Amino acid sequence: MLKIIIIALFFIINLNAKIPKDTIIIAVENEISRINPAYSEDHDVAISLVFSGLTRFDENMNLKPDLAKSWKISSDGLNYEFDLREDVFWHDGVKFSAKDVEFSLKSFMNKKNNSSIYVNFEDINKIEILNPYKIKISLKKPYPAFLDALSIGILPYHLLKDENLNTSSFNQNPIGTGPYKFEKWKKGSYMIFNANEHYYLAKVESKKIILKHIADPNISAVELKNGQIDVALIDSSLLKTFLNDKNFKILKQNSADYRALMFNLNNEFLKNKNIRLALNYAVDKEGIVKNILHNYGFIASHPLERSWANPKEFPSYKFDLKKAQELLEKEGFKKNKQGYYEKDGKVLEFDIYAMSNDPLRVVLAGILQNDFKKLGVKTKVVAKIAGSFDYTKVDSFLVGWGSPFDPDLHTFRVFESSQDSDVNGSGWNFGHYHNAKVDKALFLARNSLDINERKKYYSNFIQALYEDPPFIFLAYLDFALVYKANILGIKPRILGHHGVGFTWNIYEWSKN
């Protein structure tokens, strides 16, 4: 009995404990395994606290100087000269220099390091240090996304020059040049960061940031209400409890983050283009946006609808069950007594995998299962925790992609044939999609300096995806950022995958 009373008192004390004025606690959905920019193109929250790149983006997604003061690009797009800041120190007090930039780029390019961002730097031909604060980078061919790619965090040469980047203890105890210094990491629970008093861009307003790992948005909503966290991205279905509460503010943020069903083209049925087309026509996307997202998002038709590369007009699939059935019957499928299509004695069926720790994806999987059943296609939803299954091997998988940066960054890696994970272990083409028209368009877009030419090539890419779909694009997500009314300095910006980017100006955040 005494033990129960003690536990209850502990709970009440924790529930009502006030977060210190100089500390902001933020809920984050995902916990990365390594706080190292070499292993995260998505600009994860923890990584963006600790590290800074040569470039950065402002609230309007305009490219700005960061560790680089300025740059010059040759007319042929092959040579970049960067003048670096001379007032930057690593968190351990060592001065930042061009040597760090050279080391970082070579580390990203080195396939032995298994960096997830290597493809953004594979066209580097030569790196020359002109003086300690001036560096020249020469490319083999033009790559207009290069400045965007250089917003990734730079690594410290003096700490990592003799380390194996894959296994270095640095990955759990990082030192960067960003607005916050890493202090502590309790795996599965939280990370603590302290303000960098020598941050070069501005004074860091809040002395301490705590990232609390909460995978379930329902729990984030409860902890916000209970005063245990200050800021969180909340599922739109949970907003009612905050709408008329003067203690909170809600910021609706647009994102480039879309949800889709990825087909595995090694599957005996899904490798058939007409079957994939039929499944695209069978999905009621409007119902998803209205009833599941509560209009916090819009129907997705292709992967670049939040990009400058989005064409004014593009093809899309309208919900058309009759057309879907015609496509299946064209392939020789007929309905059996149970109402499912079959051919040569084989029922048209496959699994839909979703990460069980992502409630939205599980719900979407269930909706797809229901829509496919109406068509006459049998599916099984398999919900398992992230990391517990190989999504390059399953029949289909609820994916999320999308970047607010250059359109190359989340298209080439995801759809181009050489990025097939069976061919290239670091590639993101997990569904083993191969399409010559897509490959040609992506290569031309990636290496053209003319933005109008790039728009044309991306339009060709979108048309090719429509004709031979690797995914069912479902919806783009808007995010609801809910935070305590006494938090100042939060500014909106278009967000990336999993809502990454909402802390883009965190050094300006403070608590009144």
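Note that this is a predicted model, so its numbers are computed, not measured.
Taking CD1 of I292 as the reference point, atom CZ of R259 lies at 14.0 Å (rounded to 0.5 Å). Between atom OG1 of residue T503 and atom CD1 of residue I209 there is a gap of 8.5 Å, rounded to the nearest 0.5 Å. Taking CG of L364 as the reference point, atom CG of L398 lies at 5.5 Å (rounded to 0.5 Å). The distance from the CG atom of D230 to the CD1 atom of I25 is 6.0 Å, given to the nearest 0.5 Å. In this structure, L147 CG and F405 CZ are separated by 13.0 Å, a value rounded to the nearest 0.5 Å.
Q253 contributes a side-chain N or O that, together with a main-chain N or O of R493, makes up a donor-acceptor pair within less than 3.5 Å. At distances below 3.5 Å, at least one donor-acceptor pair connects side-chain atoms of S115 with backbone N or O atoms of A38. When atom types are taken as modelled, the side chain of S104 and the backbone of I154 share no donor-acceptor pair closer than 3.5 angstrom. Distance alone, capped at 3.5 Å, places no donor-acceptor pair between the H497 side chain and the G402 backbone. Without hydrogens or angle criteria, S448 side chain to L444 main chain gives no donor-acceptor distance under 3.5 Å. Looking only at distances, a side-chain donor or acceptor of N131 sits under 3.5 Å from a matching main-chain atom of K134. Side-chain atoms of N171 come within 3.5 Å of backbone N or O of L165 as a donor-acceptor pair. Counting only distance, with no hydrogens or angles, the side chain of D257 and the backbone of L477 share no donor-acceptor pair below 3.5 Å.
The aromatic rings of Y476 and F298 lie parallel to each other, with less than 30° between the two planes, well short of the 60° mark. Between W401 and F430, the angle of the ring planes stays under 30°, which puts this pair in the parallel group of the 30/60° scheme. Under the 30°/60° scheme for interplanar angles, the aromatic rings of F471 and F473 are found to be tilted. Relative ring orientation between F389 and F397 is described as perpendicular, the plane-to-plane angle rising above 60° on a 0-90° scale split at 30° and 60°.
Between E122 and the choices R413, R446, K141, the salt bridge (Lys or Arg N to Asp or Glu O under 4.0 Å) rule is met once, by R446. Y143 pairs in a side chain to side chain donor-acceptor pair (under 3.5 Å) with only one of the listed residues (D123, N447, D408, D148), which is D408.
Here the closest non-hydrogen pair linking I299 and E305 is O-OE1, 3.8 Å. Shortest non-hydrogen contact noted between L78 and P142 is CD2-N, 3.4 Å.
Listed by chain and residue number, F146 satisfy the ring-ring contact (aromatic ring centres under 6.0 Å, His included) test with Y80 (two or more places apart in sequence, or in another chain). Applying the salt bridge (charged side-chain N to carboxylate O under 4.0 Å, His left out) criterion to D100, with sequence neighbours excluded, gives no partner residue. For F242, the ring-ring contact (aromatic ring centres under 6.0 Å, His included) partners two or more places apart in sequence, or in a different chain, are F248.
Note on D22 versus K208: no salt bridge recorded, every NZ/NE/NH1/NH2 to OD/OE distance being 4.0 Å or above. Under a 4.0 Å N-O distance rule, the pair E86/K95 does not qualify as a salt bridge. A salt bridge links R306 with D478: the distance from a Lys NZ or Arg NE/NH1/NH2 to an Asp or Glu carboxylate oxygen falls below 4.0 Å.
Aromatic ring centroids of Y180 and Y507 lie 6.0 Å or more apart. Proximity of the aromatic rings of Y200 and F96 is defined here by a centroid distance below 6.0 angstrom, and this criterion is not met.
Annotation: K384, atom NZ; neighbour count of heavy atoms from other residues, nucleotides and ligands within 6.0 Å does not exceed 12. Other residues, nucleotides and ligands contribute more than 12 heavy atoms inside 6.0 Å of the CG atom of N295.
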K491 and W504: side-chain contact (heavy atoms from CB on, under 4.5 Å), yes or no, with the steps? CA-CA 8 Å; K491 296 177 183 177; W504 70 273; 3.7 Å; yes
